[in-house]
Chemist: 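I'd like to ask you about the structure that follows.
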Amino acid sequence: MSEMLFESPAELAAYAAGRVAELCQKAVAEKGVCHLVLAGGTTPRLCYDLLRQMPLPWASLHIWFGDERCLPVGDAERNDTMADAALLRHVPIPAAQIHRMAAEEGPESAAAAYAALLAAAPVMDIVLLGMGEDGHTASLFPANPALTDVRLAVPVYNSPKPPAERVSMGYSALNAARHRILMVTGKGKADALARIRAGERLPIAAIADGEWLMDRAAMGSTD
Ligand code: 6PG
């Protein structure tokens, strides 16, 4: 586990984009391919905006999603819709290498289909993750049965963050990856971060060996 503190979300996003680019280049140089898992929510958007301007080996990238919201294809609230707008529609990644979650089909069938895809794929090279104010990550929420589901992709019900139904990569897939980069910004996250640093096992705390990137506001600094 490593921690880095940044003055602002913009500084954090610039570092994160550079780190992702570095790890992508390395994976492609070593294996000819890189499997990158994108985070949802709003925090990663700045990073994606910067990434698309970088000379990555886009044709050698496979894109996966850490979680998705069970909404119709193209819905503005879907994580893949955000990723398309901020990154994917601006870079030459072959469509067949963008592995979306079929969350529109509902949690069970989408999770089963994605788990089958993941089982046939190599371990992920890079996983990007955000954190919610309750310490959730991907769609792994406190006290939710999805936390103990050992499948590579898991159905999620009763999410406290709308929509209630989601699909998430499980810990088994997230923790098998080579690198996990956790991006946490904003004062709304300070309470959860303080609880985790005090040893509370909030869902994101079960992410193994993460590279934690946090801004001053998330660390509770007011100055
Ligand atoms: C989602 C996300 C979720 C997100 C956190 C943080 O679908 O909502 O995958 O895990 O990363 O809720 O969200 P923000 O970045 O918007 O604060």
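Atoms within each ligand, like the ligands themselves, are counted from 1 in listed order. Along the sequence shown, residues are numbered consecutively beginning with 1. Given the structure is predicted, the values throughout are model-derived calculations rather than measurements. All values below come from the heavy atoms of this structure, side chains included, with hydrogens, waters and symmetry mates left out.
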Chemist: Can you tell which of Arg78, Glu133, His136, Lys189 gets a heavy atom nearest to atom 12 (O) of ligand 1?
Modeler: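 Looking at heavy atoms only, His136 sits closest to atom 12 (O) of ligand 1.
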
Chemist: Could you check whether Arg216 pairs with Glu7 (Lys NZ or Arg NE/NH1/NH2 to Asp/Glu carboxylate O, under 4.0 Å)?
Modeler: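 Salt bridge present between Arg216 and Glu7.
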
Chemist: Quick one: which of Ala138, Pro44, Gly130, Gly41 has a heavy atom closest to atom 3 (C) of ligand 1?
Modeler: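 It is Ala138 that holds the nearest heavy atom.
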
Chemist: For the pair Met183 and Leu12, evaluate side chain to side chain contact (heavy atoms under 4.5 Å, CB included) and give the outcome as yes or no after the intermediate values.
Modeler: CA-CA 8 Å; Met183 297 179 275; Leu12 185 151; 3.9 Å; yes

Chemist: Could you state the interatomic distance from CG (Leu56) to CG (Leu23), rounded to the nearest 0.5 Å?
Modeler: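 The CG atom of Leu56 sits 10.5 Å away from the CG atom of Leu23.
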
Chemist: Is the contact between Glu68 and ligand 1 made by the side chain, the backbone, both, or neither, using heavy atoms and a 4.0 Å cut-off?
Modeler: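 It is neither part, as no heavy atom is under 4.0 Å.
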
Chemist: Specify side chain, backbone, both or neither for Met131, according to which of its non-hydrogen atoms lie closer than 4.0 Å to ligand 1.
Modeler: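 Backbone only; the side chain of Met131 stays clear of ligand 1.
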
Chemist: Heavy-atom contacts with Arg69 under 4.0 Å: which atoms of ligand 1 show up? List them by number with element.
Modeler: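 In order of number, 1 (C), 7 (O), 8 (O).
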
Chemist: Between Tyr171 (side chain only) and Pro203 (backbone N and O only), is there a donor and an acceptor less than 3.5 Å apart?
Modeler: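 Yes, because the side chain of Tyr171 sits within donor-acceptor range (under 3.5 Å) of the backbone of Pro203.
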
Chemist: Provide, to 0.1 Å, the distance between atom 11 (O) of ligand 1 and the closest protein heavy atom, together with that atom's residue and name.
Modeler: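 Protein heavy atom at minimum distance: Gly40 O, 3.5 Å.
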
Chemist: Relative to each other, are the rings of Tyr114 and Trp64 parallel, tilted or perpendicular (30° and 60° limits)?
Modeler: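 Aromatic pair Tyr114/Trp64 classed perpendicular.
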
Chemist: Just to confirm my output: which protein heavy-atom neighbour is closest to atom 16 (O) of ligand 1, and how far is it?
Modeler: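 Checked against all protein heavy atoms, atom 16 (O) of ligand 1 sits closest to Thr42 OG1, 2.6 Å.
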
Chemist: Looking at Arg78, Arg100, Arg89, which hits salt bridge (Lys or Arg N to Asp or Glu O under 4.0 Å) with Asp84?
Modeler: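 Going through the options one by one, the only one that passes is Arg100.
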
Chemist: Hey, which atoms in ligand 1 end up nearer than 4.0 Å to a heavy atom of Asn79?
Modeler: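 Ligand 1 atoms under the 4.0 Å threshold to Asn79: 1 (C), 7 (O), 9 (O).
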
Chemist: Given salt bridge (charged side-chain N to carboxylate O under 4.0 Å, His left out), test Glu22 with Lys26 step by step and report yes or no.
Modeler: CA-CA 6 Å; Glu22 173 200 339; Lys26 190 163 166 286; over 6 Å; no

Chemist: Considering only non-hydrogen protein atoms, determine which one is nearest to atom 2 (C) of ligand 1 and report residue, atom name and distance to 0.1 Å.
Modeler: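 Atom 2 (C) of ligand 1 sits closest to the protein heavy atom Asp67 OD2, 3.5 Å.
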
Chemist: Distance only, no hydrogens: is a donor on one side chain within 3.5 Å (strictly under) of an acceptor on the other, for Asp67 and Ser139?
Modeler: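 Yes - a donor-acceptor pair under 3.5 Å links their side chains.
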
Chemist: Just heavy atoms, cut-off under 4.0 Å: does Thr43 contact ligand 1 by side chain, backbone, both, or neither?
Modeler: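 Looking at Thr43 and ligand 1, atoms from backbone and side chain both fall under 4.0 Å.
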
Chemist: Which ligand 1 atoms are under 4.0 Å away from a heavy-atom of Lys161?
Modeler: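 The atoms of ligand 1 under 4.0 Å from a heavy atom of Lys161 are 1 (C), 4 (C), 5 (C), 8 (O), 12 (O), 13 (O).
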
